[in-house]
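To start, the structure under review is shown below, and the notes come after it.
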Amino acid sequence: MSFPEPKPRGPVLPQKRLKTLDCGQGAVRAVRFNVDGNYCLTCGSDKTLKLWNPLRGTLLRTYSGHGYEVLDAAGSFDNSNLCSGGGDKAVVLWDVASGQVVRKFRGHAGKVNTVQFNEEATVILSGSIDSTIRCWDCRSRRPDPVQKLDEAKDGVSSVKVSDHEVLAGSVDGRVRRYDLRMGQLFSDYVGSPITCTCFSRDGQCTLVSSLDSTLRLLDKDTGELLGEYTGHKNQEYKLDCCLSERDTHVVSCSEDGKVFFWDLVEGVLALALQVGPGVVQSLAYHPTEPCLLTAMGGSIHCWREEAYETEGGTG
């Protein structure tokens with residue numbers, strides 16, 4: 001006798017606060033998971049970058065070497081390196097284990113808003129308020145970028161990378177997708193300054209947030225508008241948005257102290273998660289589990305689904 005297959009569970013949302021970590025690095029400008037979701041990075045206004053185990057609440061290492069506040073960071077696919085960018089206009093490549101600066105790339109004419117590794121972690125892409133994206137070769141000793149993408153007419157707020165594409169959002173109101181295989185540039189006009197862009201996990205869609213307090217889901221290939229998501233507040237700050245781990249929900253920070261979750265297909269608000277009294281500055285969603293990190297003021301919060309139990313009970 002064979003048992004019926006268990007039904008796949010429906011999507012659950014992280015709404016139970018497990019941990020609050022006081023990061024001790026001034027205002028937390030960004031929080032980012034590493035590639036497998038076991039660790040996270042926090043970017044501080046005090047010029048430091050910190051590596052944490054967020055579920056345990058333990059600080060693993062502090063990285064010092066920026067000359068001004070750190071605005072974004074990313075980890076490599078093998079967890080051996082980090083990259084970061086900040087208000088000192090520099091892009092820094094770090095060795096995770098030693099905490100040392102491996103390379104410091106200079107060339108941007110203004111603060112660096114966003115950094116990403118390519119899939120092999122051989123190149124760092126950085127987007128700046130100077131309207132350019134620069135590509136830096138991690139293995140080369142050359143001080144210049146290997147490529148400069150300067151199509152944006154205003155600051156670049158967001159850069160994401162897939163195996164053969166670069167997705168970039170700009171304050172000029174356009175989201176640009178560079179297809180590196182085809183050598184083509186695709187551009188979609190949103191009209192309001194873009195604060196964040198990302199690919200859906202299935203690679204078919206792009207999510208774009210902008211300062212008209214609206215998120216838009218676009219078909220990646222055609223640019224067709226598939227959905228609009230509203231209710232949150234985003235009129236002044238560069239705030240993060242993303243999709244949940246199974247592409248079921250659209251997730252966004254808000255200036256009114258909440259994180260908003262919308263059903264991707266229906267477009268309806270599923271949850272407004274109260275984080276605190278200030279602006280939710282940044283968020284990160286776990287790659288495979290319903291786990292969310294939020295940054296507000298000098299702290300980060302770790303959220304899980306209601307049914308989640310930590311080892312040795314909740315807490």
Atom CZ of residue position Phe186 - does it have more than 12 heavy atoms of other residues, nucleotides or ligands inside 6.0 Å?
yes
Is there a side chain to side chain contact (heavy atoms under 4.5 Å, CB included) between Thr248 and Leu243 once you walk through the steps?
CA-CA 7 Å; Thr248 57; Leu243 290 154; over 6 Å; no
Partners of Phe33 by ring-ring contact (aromatic ring centres under 6.0 Å, His included), sequence neighbours excluded?
His286
Which word best sums up how the rings of Trp262 and Tyr229 line up, parallel for under 30°, tilted for 30 to 60°, or perpendicular for over 60°?
tilted
For Thr48, does its backbone N or O pair with a side-chain atom of Gln25 as donor and acceptor, under 3.5 Å?
yes
Taking salt bridge (Lys or Arg N to Asp or Glu O under 4.0 Å) as the cut-off, I'd like each qualifying pair that reaches into residues 97-118, sequence neighbours left out, listed once.
none
Do Leu271 and Val259 sit in one hydrophobic cluster, given that two such residues count as connected whenever their side-chain heavy atoms are within less than 4.5 Å of each other, even indirectly?
yes
Side chains of residues 168-181: which donor-acceptor partners sit under 3.5 Å, not counting sequence neighbours?
{"from": "Ser170", "atom 1": "OG", "to": "Asp154", "atom 2": "O", "distance (Å)": "3.2"}
{"from": "Ser170", "atom 1": "OG", "to": "Gly155", "atom 2": "O", "distance (Å)": "2.9"}
{"from": "Ser170", "atom 1": "OG", "to": "Asp172", "atom 2": "N", "distance (Å)": "3.0"}
{"from": "Ser170", "atom 1": "OG", "to": "Asp172", "atom 2": "OD1", "distance (Å)": "3.2"}
{"from": "Asp172", "atom 1": "OD1", "to": "Arg174", "atom 2": "N", "distance (Å)": "2.9"}
{"from": "Asp172", "atom 1": "OD1", "to": "Arg176", "atom 2": "NH1", "distance (Å)": "3.4"}
{"from": "Asp172", "atom 1": "OD2", "to": "Lys153", "atom 2": "N", "distance (Å)": "2.9"}
{"from": "Asp172", "atom 1": "OD2", "to": "Arg176", "atom 2": "NH1", "distance (Å)": "3.0"}
{"from": "Asp172", "atom 1": "OD2", "to": "Arg176", "atom 2": "NH2", "distance (Å)": "2.8"}
{"from": "Arg174", "atom 1": "NH1", "to": "Ser187", "atom 2": "OG", "distance (Å)": "3.1"}
{"from": "Arg177", "atom 1": "NE", "to": "Lys220", "atom 2": "O", "distance (Å)": "3.3"}
{"from": "Arg177", "atom 1": "NH1", "to": "Glu165", "atom 2": "OE2", "distance (Å)": "2.8"}
{"from": "Arg177", "atom 1": "NH2", "to": "Lys220", "atom 2": "O", "distance (Å)": "3.0"}
{"from": "Tyr178", "atom 1": "OH", "to": "Glu151", "atom 2": "OE1", "distance (Å)": "2.7"}
{"from": "Asp179", "atom 1": "OD1", "to": "Arg181", "atom 2": "N", "distance (Å)": "3.0"}
{"from": "Asp179", "atom 1": "OD1", "to": "Met182", "atom 2": "N", "distance (Å)": "3.0"}
{"from": "Arg181", "atom 1": "NH2", "to": "Asp163", "atom 2": "OD2", "distance (Å)": "3.2"}

Using side chain to side chain donor-acceptor pair (under 3.5 Å), reason through Ser282 and Arg32 one step at a time and then give a plain yes or no.
CA-CA 9 Å; Ser282 179; Arg32 302 286 178 248; 3.2 Å; yes
Give the cluster check for Val96 versus Val101: same hydrophobic cluster or not, with ILVMFWY residues linked at side-chain heavy-atom distances below 4.5 Å.
yes
Check the pair Arg201 / Arg246 against side chain to side chain contact (heavy atoms under 4.5 Å, CB included), numbers first and verdict last.
CA-CA 7 Å; Arg201 296 191 192 250; Arg246 287 156 61 189; over 6 Å; no
Heavy-atom neighbours of Lys160 NZ exceed 12 at 6.0 Å
yes
For Arg304, the option from Glu309, Glu245, Glu289 that meets salt bridge (Lys or Arg N to Asp or Glu O under 4.0 Å)
Glu289
Same cluster for Leu82 and Leu60 if Ile/Leu/Val/Met/Phe/Trp/Tyr side chains link at under 4.5 Å?
yes
As a quick check of understanding, evaluate side chain to side chain donor-acceptor pair (under 3.5 Å) for Thr230 and Thr214, giving each step before the final call.
CA-CA 5 Å; Thr230 57; Thr214 305; over 6 Å; no
Are any side-chain N or O atoms of Ser200 and backbone N or O atoms of Cys205, one a donor and one an acceptor, separated by less than 3.5 Å?
yes
Which atoms form the tightest heavy-atom contact between Asp36 and Asn34, and what is the distance?
OD1-ND2, 2.7 Å
Same cluster or not: Leu215 versus Leu13, using hydrophobic residues (I, L, V, M, F, W, Y) connected whenever any side-chain heavy atoms lie under 4.5 Å apart?
no
Where do Trp52 and Thr42 come nearest, in terms of heavy atoms and distance?
NE1-OG1, 2.8 Å
Phe199 to Leu167 - nearest heavy-atom pair and separation
CZ-CB, 3.6 Å
Donor + acceptor pair across side chains of Gln204, Asp202 (<3.5 Å):
no
Between Glu69 and Arg29, does at least one N-O distance fall below 4.0 Å, as a salt bridge requires?
yes
So, the side chain of Ser128 versus the backbone of Thr132: is there a donor-acceptor pair under 3.5 Å, distance only?
no
Given the rule that I, L, V, M, F, W and Y join up when any side-chain heavy atoms are under 4.5 Å apart, are Val161 and Val156 in one cluster?
yes
For Tyr39, look at atom OH and say whether over 12 heavy atoms of other residues, nucleotides or ligands are found less than 6.0 Å away.
no
Which atom pair, heavy atoms only, marks the closest approach of Cys241 to Cys196?
N-SG, 3.5 Å
In Å and rounded to the nearest 0.5 Å, what is the CG to CG distance from Asp219 to Leu225?
10.5 Å
What are the two closest heavy atoms between Ala30 and Leu71, and how far apart are they?
CB-O, 3.5 Å
For Lys16, does its backbone N or O pair with a side-chain atom of Glu306 as donor and acceptor, under 3.5 Å?
no
Looking only at the side chains, is there a donor atom on one of Ser209 and Ser252 sitting less than 3.5 Å from an acceptor on the other?
no
Can any side-chain N or O of Lys89 pair as donor or acceptor with the backbone N or O of Val112 at less than 3.5 Å?
no
Show every donor-acceptor pair shorter than 3.5 Å between a side-chain atom in residues 293-302 and any protein atom, with sequence neighbours excluded, or say none if there are none.
{"from": "Thr294", "atom 1": "OG1", "to": "Trp303", "atom 2": "NE1", "distance (Å)": "2.9"}
{"from": "His301", "atom 1": "ND1", "to": "Arg17", "atom 2": "NH1", "distance (Å)": "2.9"}
{"from": "His301", "atom 1": "ND1", "to": "Thr20", "atom 2": "OG1", "distance (Å)": "3.1"}

At what distance, to the nearest 0.5 angstrom, does CD of Gln116 lie from CD1 of Ile133?
11.0 Å
Is the side chain of Ser45 donor-acceptor paired with the backbone N or O of Ala27 at a distance under 3.5 Å, no angle test?
yes
Could you walk me through whether Leu211 and Ser213 pass side chain to side chain contact (heavy atoms under 4.5 Å, CB included), step by step?
CA-CA 5 Å; Leu211 288 182; Ser213 298; over 6 Å; no
Donor-acceptor pair, side chain of Lys238 and main chain of Ser157, under 3.5 angstrom
yes
Roughly how far apart are Leu283 CG and Asp240 CG, rounded to 0.5 Å?
5.0 Å
Reported OG-to-CG distance for the pair Ser131 and Leu149, which is rounded to 0.5 angstrom:
12.5 Å
Return the orientation label for the Tyr285 and Phe261 ring planes: parallel under 30°, perpendicular over 60°, tilted otherwise.
perpendicular
Minimum heavy-atom separation for Ser84 and Trp94, please, with both atom names.
OG-NE1, 2.8 Å
Just to verify, what does Arg216 make a salt bridge (charged side-chain N to carboxylate O under 4.0 Å, His left out) with, not counting sequence neighbours?
Asp212, Glu228
Please answer whether the main-chain N or O of Gln15 pairs with a side-chain N or O of Glu305 as donor and acceptor at a distance below 3.5 Å.
no
Exactly one of Asn113, Val91, Thr114 clears side-chain contact (heavy atoms from CB on, under 4.5 Å) with Asp72, and that residue is Thr114
Check side chain to side chain donor-acceptor pair (under 3.5 Å) between Asn81 and all other residues, then give those that pass, not counting sequence neighbours.
none
Backbone N/O of His249 and side chain of Ser244: donor-acceptor pair under 3.5 Å:
yes
Taking the side chain from Asp95 and the backbone from Val102, do they hold a donor-acceptor pair closer than 3.5 Å?
no
